[in-house]
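For reference, the structure is listed below as structure tokens.
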Amino acid sequence: MDAAEFHAEVYRIAALIPVGKVTSYGHVAKLIGMPNYSRHVGQALKFLPEDTDVPWQRVISSSGAISSRGPGTDGARRQREALEAEGVEVSEGRGGELKVDLRTYGWFPASIEAAAPEEDDEEDENDAQ
DNA sequence: TCGATGACGTATC
DNA sequence: AGATACGCCATCG
């Protein structure tokens, strides 16, 4: 798997996340089939331009926290704004620690197939109940 | 080549 | 629940 392909997979999966839901870097990595590449998922999202269609804001850490990305960057703040705009509650603890309740807003499908009900229309699909 | 680092995760304390 | 330790692996200096 090439780095570019990895990025593409990350973006594809991120695009599958329903509005109002969030998932974790690690879970995206798992869906791709590379469970230990959680850090690289974040790395891939870092490459996204500001005008992207990819809902990168719906990907947070497995603990439900929005990573600071370092002081001086407004990424975390924008992420909070975007999530709240989608109806996701973002708790703010002491010092501006942003966290999302995964118990409520978490989205963790077991596989990409489960995540993408209709990816292709050409393939024969067996009816799920 | 090596060591430090990072939009991370899990196990422990 | 919050903090620390350690594992992970590509990228950087």
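In what follows, chains carry the letters A, B, and so on, assigned in the order in which the sequence lines appear, proteins first and then strands, with residues in each chain numbered from 1.
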Margin query: Using the side chain to side chain donor-acceptor pair (under 3.5 Å) criterion, which residues pair with A:S61? Sequence neighbours excluded.
Written below: A:S63
Check: Looking at residues at least two apart in the chain, or sitting in another chain, which of them share a side chain to side chain donor-acceptor pair (under 3.5 Å) with A:Y105?
Finding: A:E89
Next item on the list: Could you tell me which residues satisfy side chain to side chain donor-acceptor pair (under 3.5 Å) with A:E9, sequence neighbours excluded, listed by chain and number?
Entry: A:R12
Next item on the list: Can you sort out which residues in residues 21-28 of chain A have a heavy atom within less than 4.0 Å of DNA chain B? Ascending by number, please.
Entry: A:S24, A:Y25, A:G26
Margin query: Walk me through whether A:Q79 and A:L98 qualify under side-chain contact (heavy atoms from CB on, under 4.5 Å).
Written below: CA-CA 10 Å; A:Q79 185 164 5; A:L98 306 174; over 6 Å; no
Next item on the list: Please name all residues satisfying salt bridge (charged side-chain N to carboxylate O under 4.0 Å, His left out) with A:E86, sequence neighbours left out, ordered by chain then number.
Entry: A:R58
Notebook entry, point to check: Considering residues at least two apart in sequence or located in another chain, which fulfil the salt bridge (charged side-chain N to carboxylate O under 4.0 Å, His left out) criterion with A:E84?
Noted result: A:R80
Item checked: Closest approach of A:V54 to A:A14 (non-hydrogen atoms, all atoms of both residues) -> CG1-CB, 3.7 Å
Next item on the list: Report the distance from atom CH2 of A:W56 to atom CZ of A:R78, rounding to the nearest 0.5 Å.
Entry: 4.5 Å
Name every donor-acceptor pair, under 3.5 Å, that has one atom in a side chain of residues 19-29 of chain A and the other anywhere in the protein, sequence neighbours excluded.
unit_1: A:K21; atom_1: NZ; unit_2: A:T104; atom_2: O; d: 3.3
unit_1: A:T23; atom_1: OG1; unit_2: A:W107; atom_2: O; d: 2.9
unit_1: A:S24; atom_1: OG; unit_2: A:H27; atom_2: N; d: 3.1
unit_1: A:H27; atom_1: NE2; unit_2: A:P109; atom_2: O; d: 2.6

Next item on the list: With sequence neighbours left out, write down each residue that passes salt bridge (charged side-chain N to carboxylate O under 4.0 Å, His left out) with A:R69, or none if nothing qualifies.
Entry: none
Item checked: Sub-4.0 Å heavy-atom contacts from residues 46-62 of chain A onto DNA chain B, ordered by number -> A:K46, A:W56, A:S61, A:S62
Item checked: 4.5 Å side-chain heavy-atom contact, A:I60 and A:L102 -> yes
Next item on the list: Could you tell me which residues satisfy side-chain contact (heavy atoms from CB on, under 4.5 Å) with A:R39, sequence neighbours excluded, listed by chain and number?
Entry: none
Notebook entry, point to check: Could you write nucleotides 6-13 of chain C as a row of B, S and -, 5' to 3', where a protein heavy atom under 4.0 Å of any base atom gives B, of only sugar-phosphate atoms gives S, and otherwise -?
Noted result: -BBBS---
Margin query: What is the first contacted nucleotide of DNA chain B and what is the last, in 5' to 3' order, if contact means an atom lying under 4.0 angstrom from a heavy atom of chain A?
Written below: B:dG6 to B:dT10
